[in-house]
Number of protein chains: 2
Amino acid sequence: MRMAEGVEWAAHVCLLLHWLQEDDPTPVPAARLAEAYDLPPAYLGKQVQALTRAGITESVPGVRGGVRLARAAADITLMDLVVAIEGPDDAFVCTEIRQRGMNADRPARDFLRPCSIAHAMRAAEVSWRRSLAATSLADLSDDVEPRVRQDARRHFTRV
Amino acid sequence: MRMAEGVEWAAHVCLLLHWLQEDDPTPVPAARLAEAYDLPPAYLGKQVQALTRAGITESVPGVRGGVRLARAAADITLMDLVVAIEGPDDAFVCTEIRQRGMNADRPARDFLRPCSIAHAMRAAEVSWRRSLAATSLADLSDDVEPRVRQDARRHFTRV
DNA sequence: GGTTCCGTACTCGGATAGTTGTTGTCCGAGTAATGAGGG
DNA sequence: CCCTCATTACTCGGACAACAACTATCCGAGTACGGAACC
């Protein structure tokens with residue numbers, strides 16, 4: 001059970017977009033973002049497409065086009081990013097094996113209540129999701145050294 | 001990011017072993033466990049091997065051999081099962097892309113503090129792990145209808 | 001009758017293919033800037 | 001000098017391979033039981 005690497009990329013890229021937009025709302029090409037963190041340009045573009053489909057970013061076509069955050073950094077949570085890249089499905093999926101094999105002939109009446117294992121797994125995932133939903137891009141940005149943010153802006157305005 | 005199906009199998013199988021051992025400590029062959037829930041016998045055997053390596057179950061070779069829980073059900077948590085099957089690694093792995101690309105020439109001094117994204121992801125996973133570690137097999141067993149438990153025992157003593 | 005030994009059947013264990021999902025790449029559709037030409 | 005328009009370069013977007021991990025299976029090593037032979 002390993003999370004897709006695109007989640008990490010999306011998070012860093014969205015943070016970077018947030019920094020760049022604090023004083024310049026012009027969109028940034030995905031290829032430029034990839035170059036900033038030495039990532040495969042085409043593949044990062046695919047991830048950015050997923051972010052756009054999820055409404056986290058909005059893409060501007062054309063010669064001076066690119067991508068930018070669709071809403072304020074305080075309104076974008078890590079949960080949003082994970083759902084955009086990984087999809088909304090839970091990690092643990094209950095296949096109801098308790099109703100198979102020796103219990104195949106048992107009436108469905110005995111399985112009205114959800115599987116206790118699935119219930120516990122779901123509770124744990126809800127805890128995980130709550131933690132992610134409580135962390136916004138703005139929160140993350142506050143924990144990054146100001147020098148790094150400033151130099152990132154400088155890097156993009158310079159070129 | 002989908003969890004391996006073996007986790008579900010391991011949980012159900014361990015619960016079943018717990019029920020069977022409440023009045024009979026003789027080991028149960030893995031093939032019998034697979035038949036109980038209509039699972040692929042060979043593949044379930046592989047998962048049981050992982051449980052044994054993790055010290056959750058102990059296997060008895062020989063003609064009347066099989067597998068049984070290595071310790072009390074109250075001392076086996078869902079976290080133990082997940083670690084045994086999926087491995088101990090976190091789902092999110094930080095590859096430190098913040099130090100690459102435009103920040104490649106930055107002194108390591110600026111990256112002493114952990115990446116804020118990785119930090120938030122880790123906090124969420126810790127929350128998930130705590131929830132799993134707080135749930136033991138005994139807790140799960142209490143939420144299963146007594147009829148199901150009793151019939152499971154009956155199914156195995158009858159054959 | 002008790003004991004020893006051997007054969008056997010059954011168990012786990014690791015090594016071996018098949019399939020799905022993630023990673024990585026490429027080329028085409030669409031759009032806005034840009035320059036030239038005309039009014 | 002200003003407006004119109006065609007060209008052009010650049011962007012995103014979805015379709016196309018390569019790789020890894022999970023899923024599934026098989027056969028071999030090891031062990032305890034069971035019976036037969038022997039004392």
Side-chain angles (χ1 to χ4, degrees), chain A residues 1-10 13 17 26-35 37-70 82 84-93 95 97 159, chain B residues 1-10 13 17 26-35 37-70 82 84-93 95 97 159:
Chain A
M1 190 187 79
R2 182 173 167 179
M3 184 172 293
E5 205 168 357
V7 173
E8 186 187 11
W9 299 0
V13 160
L17 282 174
T26 57
V28 181
R32 202 67 57 83
L33 295 172
E35 180 261 347
Y37 287 121
D38 194 23
L39 301 174
Y43 193 30
L44 179 66
K46 192 172 175 57
Q47 311 290 3
V48 170
Q49 285 178 30
L51 293 178
T52 300
R53 271 193 297 269
I56 295 172
T57 59
E58 56 188 10
S59 62
V60 178
V63 59
R64 292 290 173 97
V67 70
R68 69 181 151 216
L69 295 182
V82 170
I85 302 295
E86 294 274 347
D89 294 341
D90 284 352
F92 181 88
V93 288
T95 59
I97 64 175
V159 177
Chain B
M1 190 187 79
R2 182 173 167 180
M3 185 172 293
E5 207 169 356
V7 173
E8 186 187 10
W9 299 359
V13 160
L17 282 174
T26 57
V28 182
R32 202 68 56 84
L33 296 172
E35 180 261 348
Y37 287 120
D38 195 22
L39 302 174
Y43 193 30
L44 179 64
K46 193 173 174 56
Q47 311 289 3
V48 171
Q49 285 177 31
L51 293 178
T52 300
R53 271 194 296 268
I56 295 171
T57 58
E58 55 188 11
S59 62
V60 178
V63 58
R64 293 288 174 95
V67 70
R68 69 181 152 216
L69 295 181
V82 170
I85 302 296
E86 293 275 347
D89 294 341
D90 284 352
F92 182 88
V93 289
T95 59
I97 64 174
V159 176

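A, B, ... follow the sequence lines: proteins, then strands. Residue 1 opens every chain.
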Check your understanding: Are OP1 or OP2 of dT25(D) and a side-chain N or O of Y43(B) less than 4.0 angstrom apart?
Key ->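 Negative; the distance criterion is not met.
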
Taking atom [atom2] of [N] as reference, at what distance in whole Å does atom [atom1] of [X] sit?
| X | N | atom1 | atom2 | result |
| --- | --- | --- | --- | --- |
| R2(A) | dC19(D) | CZ | P | 17 Å |
| M3(A) | dT23(C) | CE | P | 11 Å |
| L39(A) | dT22(C) | CG | C1' | 16 Å |
| E86(B) | dT23(D) | CD | C1' | 13 Å |
| Q47(A) | dG13(D) | CD | P | 13 Å |

Practice item. Give M1(A) one of three labels, base, sugar-phosphate or nothing, depending on what nucleic acid heavy atoms sit under 4.0 Å from its own. Key: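 Here M1(A) touches the backbone only, sparing every base.
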
To check you understand the geometry: which heavy-atom pair defines the closest contact between [X] and [Y], and what is its length?
| X | Y | value |
| --- | --- | --- |
| G45(A) | A30(A) | CA-CB, 4.5 Å |
| M1(A) | E86(B) | N-OE1, 2.5 Å |
| V7(A) | F92(B) | CG1-CE1, 4.5 Å |
| I85(A) | G6(A) | CG2-C, 4.1 Å |

May I have the list of side-chain donor-acceptor pairs in residues 59-68 of chain A shorter than 3.5 Å, sequence neighbours left out?
from: R68(A); atom 1: NE; to: E58(A); atom 2: OE2; distance (Å): 3.2
from: R68(A); atom 1: NH1; to: P25(A); atom 2: O; distance (Å): 3.3

Review point. Reading nucleotides 8-19 of chain C from the 5' end, what letters show protein touch, with B for base, S for backbone sugar-phosphate only, - for no heavy atom under 4.0 Å?
Key: --SSSBB-----

Check your understanding: Among all residues two or more places apart in sequence or in another chain, which pass the side-chain contact (heavy atoms from CB on, under 4.5 Å) test with E5(B)?
Key ->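 Checked E5(B) against side-chain contact (heavy atoms from CB on, under 4.5 Å); matches are T95(A), E8(B), W9(B).
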
